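Protein chains get the first letters and strands the later ones, always in sequence-line order, with residue 1 at the start of each. Bear in mind the structure is a predicted one, so any value in this text is a computation, not a measurement.
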Protein chains: 2
Amino acid sequence: MPISVLRYHRYVSEPTSTRRRILDAAARLLEEHGRDGVTTRAVSYAAGVQPPTIYRHFTDMSGLLGAVAADGFDTYLARKHAAALSDDPVQDLRDGWDTHVEFGLTHPAHYLLMYGRPVPGETSPAAQRSADRLHLLVERIAAAGRLTVTVETAAAMIHSAGSGLTLHLIGVDPDERDPELPGRLREAVLRAVTGDAPPAAPGYTQHATALKAALGETDDLLTAGEQALLGELLDRLGGSRGGRGRSSAAAGAPEGGAEANPC
Amino acid sequence: MPISVLRYHRYVSEPTSTRRRILDAAARLLEEHGRDGVTTRAVSYAAGVQPPTIYRHFTDMSGLLGAVAADGFDTYLARKHAAALSDDPVQDLRDGWDTHVEFGLTHPAHYLLMYGRPVPGETSPAAQRSADRLHLLVERIAAAGRLTVTVETAAAMIHSAGSGLTLHLIGVDPDERDPELPGRLREAVLRAVTGDAPPAAPGYTQHATALKAALGETDDLLTAGEQALLGELLDRLGGSRGGRGRSSAAAGAPEGGAEANPC
DNA sequence: CGCCTAGTGTTACCGGCGATAACACAACGA
DNA sequence: TCGTTGTGTTATCGCCGGTAACACTAGGCG
């Protein structure tokens, strides 16, 4: 790249941006003195700026704390493998669980910021990022045909148990922590969301045909009409490579009533 | 009781003691405005005393908050059966779990005070009370010879999962809470600490969830509407397991299970 | 060139917070 | 009767989160 392009701009050679310095100072205070050590004064002093500067970059205190939490979480995950996925989705989830717990124990103050004070409807950016990744990991298990509950339910179970475990461990003196605990709880939840069964064959056609074959057992969950409808949709996925669209439009209800209505 | 015994003492006929008034005022503020609404000024004003009076009774702010949490928790448990134990220790634990979660959802601010900000080595009196009761419930299961792990490990697993679940639910909008979640997580942990084998999931659930996960790939076979419809039917098959509530617990342990590599 | 605008950091300040010192006063026991 | 103890008060401190108003710089544009 020719020198001429390297025009002088304000921040090109500045060692670290003000925002970065504030973030780092706040993170350091957070780790060393806990949540209560992160005050506007302390941060501004440690970052070498005046207090109002903080508000210029992070609208208020909670904005700063949220940014610190997100930054710390991202950094940690980036340093770990993060995106390295194997071809065993269950093992990947296991690794994700362990990494999550490890982060909480390595950075308890960050972790408490993320999960310690839930507010209905709100989710910190860091927690959201973590939840997204969990959802992805669980979905891969579902795609492998090894999930026995909804993806959403499985993710919620795993998150509840995992975060509860981490918070519990944070509250226990390191020497007194039960070494059995993390592994056992993890496997308990894992067994509950996966069957112990070996992975089913990949590809949706197999699942469609298998499900079609088992349709008769679903009387307590689906009405007769729903079973019939589902059967037709599964036929489309499992068998004939028919053209798209229109074929389904015609099919009326199998018979007039279609209203067994259990439930 | 003869009147002569009712000597006049300062507080005999006083409607409520100062300590009680402060406690009640703080609890009300906590429920109505959350943790941040409980300030020395607000409490003292609501209780009709001067701020320093609070320090006379509860050495500092955290002392007051601890007392409020403990008081609220005790009151709640007292109003519930609390000590009513049946002759089925596992069912008693189940009830205890449900009561615990219910308390957290009914009094989220109290609950966050108890579990939201763990500090290594410290345990709030309220949390300690709850832990003691859990220990007792688990010990009864052990006495019945139905525990496959240490009492301590079992209690820690249950506590981690239960408090994590409650914190998770507190953070989710009431309308969007997964009704399956609490029961499933509870049974998963219960099965892991007692030797019970998981109830055989109907074979179709895995196929249903797998197919759901692969719905996105079916664009060439199904219209968007059909995909949505199919997705809903698949959720019904993957989500709920016929009988609800306790039914799933009974199943004996056909195989040792429970020991698949806790790592 | 000279003016304007946007971005950034500053000084000075506000109301509210947790906490404490020093005092006022009632009840009780020697 | 007089100290002691328990309880609640007045007055005040230092720190907090947050904001208004100003100062300076760089870039855009006539």
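The distance from the CG atom of A:Leu77 to the CZ atom of A:Arg133 is 7.0 Å, given to the nearest 0.5 Å. Separation of atoms CD (A:Glu122) and CD (A:Gln128) is listed at 12.5 Å; rounding is to 0.5 Å. The distance from the CG atom of A:Leu165 to the CH2 atom of A:Trp97 is 5.5 Å, given to the nearest 0.5 Å. Here A:Phe73 contributes atom CZ and A:Thr75 contributes atom OG1; the two are 11.0 Å apart, rounded to the nearest 0.5 Å. From B:Asp95, atom CG reaches atom NE2 of B:His100 across 14.5 Å, with rounding to the nearest 0.5 Å.
Partners of A:Arg28 according to the salt bridge (charged side-chain N to carboxylate O under 4.0 Å, His left out) rule, which considers only residues two or more places apart in sequence or in another chain, are A:Glu32. The side-chain hydrogen bond (donor to acceptor under 3.5 Å, both in side chains) search around A:Ser44 returns none, not counting sequence neighbours. Residues passing the salt bridge (charged side-chain N to carboxylate O under 4.0 Å, His left out) test with A:Glu102, sequence neighbours excluded: A:Lys80.
Applying the ring-ring contact (aromatic ring centres under 6.0 Å, His included) test to every pair with at least one member in residues 160-190 of chain A, sequence neighbours left out, gives these pairs: A:His168-B:His159.
Atom CD in B:Gln50 sits about 7 Å away from atom C1' in D:dT9, given to the nearest Å. To the nearest angstrom, P of D:dC15 lies 14 Å from OH of A:Tyr45. Separating the NE2 atom of A:His33 from the C1' atom of D:dC16 is a distance of 17 Å, rounded to the nearest angstrom. Atom pair B:Arg20:CZ and D:dG8:C1' shows a separation of 19 Å (rounding to whole Å applied). Atom CZ in A:Phe58 sits about 15 Å away from atom P in D:dG17, given to the nearest Å. The CG-P distance, from A:Asp36 to D:dC15, rounds to 16 Å in whole Å. Taking atom NE2 on A:His57 and atom P on D:dG18, their separation rounds to 16 Å, with Å as the unit.
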Could you list the protein-to-nucleotides 13-17 of chain C atom pairs, N/O on both sides, closer than 3.5 Å?
residue: C:dC17; atom: N4; partner: B:Arg41; partner atom: NH2; Å: 3.4

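Between D:dT10, C:dG9, C:dT11, one nucleotide has an atom nearer to the side chain of A:Thr53 than all others, and that is C:dG9.
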Quick one, give me the B/S/- string for nucleotides 20-25 of chain C, reading 5' to 3', where B means a protein heavy atom under 4.0 Å from the base and S means that only happens at the primed atoms, P, OP1 or OP2. B-B---
